[in-house]
Amino acid sequence: TFYNMADTYFVSLLDNTSITGAVGVVFSLMTVIQAFGFFFGHGSGNFISRALGSGSTDEAERMASVGFFGAMIAGACITVLGLIFLRPLAYLLGSTDTIYPYAKDYLAYILLGAPYMCASLVLNNQLRFQGNAVFAMIGLTSGAVLNCALDPLLILGLNMGIRGAAVATIVSQFVSFLLLWIGVARSDNLKIRLRNFKPNRHYLLAILNGGAPSLCRQGIASLASICLNRAAGGFGDYAITAMSVCARIM
């Protein structure tokens, strides 16, 4: 939300209602990406916490890899499908004909960052479930702070407009991802190893049981936002933009 709030503020300085509305429209997709990150993060994190409590460190480490790489794959699927169906997706999210050109540009860049956006939330949740909440917070919020610095530079300084907002977001998210990855690699937390990525029925059911509530909660909130954007679209770009600004306040 903090990423999108910063983007909303700085693109609003361009004095173009449709551009500001585009950022609000695409936020619904960002919450979907977040929902899948929470799904794999909470699902694997719950299992990891119980496994560590019972002394099954090897099981916990295997689940950490299943959750992490599972989120990367899910994010990659969102990227591929989103780019293939970019135009219908933009309109599904609530774009109008005048918002669409800006939403398309913003959406394309956000989709490129979906794999590591999902994975960042998995690392964040796994760190917290291992009792390392402070580093998880630092890793996640550092990207949001960086985004606030990059937004004015790219949007206004380099005149990139809404593309600048999108680039600032995905670059900041990637930096956040790297910090979380370094935190996992250089600490005594569970290590993420590709050789441990061996998804089976046992692990997948555990992720489903632990992550489905988060996926449903976040997914329904995103669906509600999409419905509101589509309903407001009939009243013009100003209505969508006003709802976007109010949603950031909420």
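Because the structure is predicted, anything quoted here is derived from the model rather than measured.
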Handout entry: Evaluation steps, side chain to side chain contact (heavy atoms under 4.5 Å, CB included), between Arg50 and Met63
Key = CA-CA 11 Å; Arg50 294 195 301 271; Met63 174 56 95; over 6 Å; no
Problem - side chain to side chain contact (heavy atoms under 4.5 Å, CB included) between Asn196 and Asp58, intermediate numbers included - result: CA-CA 9 Å; Asn196 285 333; Asp58 290 342; over 6 Å; no
Exercise for the section: Might you work through the side chain to side chain contact (heavy atoms under 4.5 Å, CB included) test for Leu194 and Ser65, ending with a clear yes or no? Expected result: CA-CA 7 Å; Leu194 184 59; Ser65 297; over 6 Å; no
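A 4.5 Å side-chain heavy-atom check between Tyr106 and Val23 finds at least one atom pair inside the cut-off. Annotation: side chain of Leu190 is in contact with side chain of Leu52 (closest heavy-atom distance under 4.5 Å). Residues Ile78 and Leu111 are in side-chain contact: their nearest non-hydrogen atoms beyond the backbone lie under 4.5 Å apart. Side-chain contact check for Phe47 versus Val66: every heavy-atom pair is 4.5 Å or farther apart. In this structure the side chain of Leu14 reaches within 4.5 angstrom of the side chain of Leu156, judged on heavy atoms.
Ile182 contributes atom CD1, which lies 10.0 Å from atom CZ of Phe177 (distance to the nearest 0.5 angstrom). From Leu123, atom CG reaches atom CG of Leu178 across 10.5 Å, with rounding to the nearest 0.5 Å.
Residue pairs meeting the ring-ring contact (aromatic ring centres under 6.0 Å, His included) criterion with at least one partner in residues 60-83, sequence neighbours excluded, are Phe68-Trp181, Phe69-Phe197. Sorted by first then second residue, the salt bridge (Lys or Arg N to Asp or Glu O under 4.0 Å) pairs that include residues 146-165, not counting sequence neighbours, are Asp105-Arg163.
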For residues 82-97, tabulate all N or O donor-acceptor pairs below 3.5 Å that involve a side-chain atom, not counting sequence neighbours.
residue : atom : partner : partner atom : Å
Tyr91   : OH   : Asp97   : OD1          : 2.8
Ser95   : OG   : Ala90   : O            : 2.9
Thr96   : OG1  : Thr98   : OG1          : 3.2
Thr96   : OG1  : Ile99   : N            : 3.2
Thr96   : OG1  : Asp237  : OD1          : 2.7

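No hydrogens or angles considered: nothing links the side chains of Ser120 and Gln173 as a donor-acceptor pair under 3.5 Å. Defined by atom type and a distance below 3.5 Å, a donor-acceptor pair is missing between the side-chain atoms of Thr241 and Thr17.
A donor-acceptor pair is defined here as one N or O able to donate and one able to accept, closer than 3.5 Å; such a pair exists between the side chain of Gln130 and the backbone of Gln126. One N or O on the side chain of Ser176 and one on the backbone of Gly139 form a donor-acceptor pair closer than 3.5 Å. Ser142 places a side-chain N or O within 3.5 Å of a backbone atom of Ile138 that can act as its donor or acceptor partner. With hydrogens and angles disregarded, a donor-acceptor distance shorter than 3.5 Å links the side chain of Ser222 to the backbone of Ser28. The closest donor-acceptor contact from the side chain of Tyr116 to the backbone of Gly75 lies at 3.5 Å or more, if one exists at all. Ser49 places no side-chain N or O within 3.5 Å of a backbone atom of Asn46 that could act as its donor or acceptor partner. Listed for the Ser172 side chain is a donor-acceptor partner under 3.5 Å among the backbone atoms of Asn147. Here the side chain of Ser54 pairs a donor or acceptor atom with the backbone of Ala51 at under 3.5 angstrom. A donor-acceptor pair under 3.5 Å links the side-chain atoms of Asn125 to the main chain of Leu121, judged by distance alone.
Atom CG of Asp15 has 12 or fewer neighbouring heavy atoms from other residues, nucleotides or ligands inside a 6.0 Å radius.
Transitive grouping of hydrophobic side chains (ILVMFWY, heavy atoms separated by less than 4.5 Å) keeps Leu228 and Val26 in distinct clusters. Linking Ile, Leu, Val, Met, Phe, Trp and Tyr residues whenever their side-chain heavy atoms come within less than 4.5 Å leaves Leu107 and Met5 in two separate clusters.
Ring pair His42/Phe38 is parallel by interplanar angle, where below 30° counts as parallel and above 60° as perpendicular.
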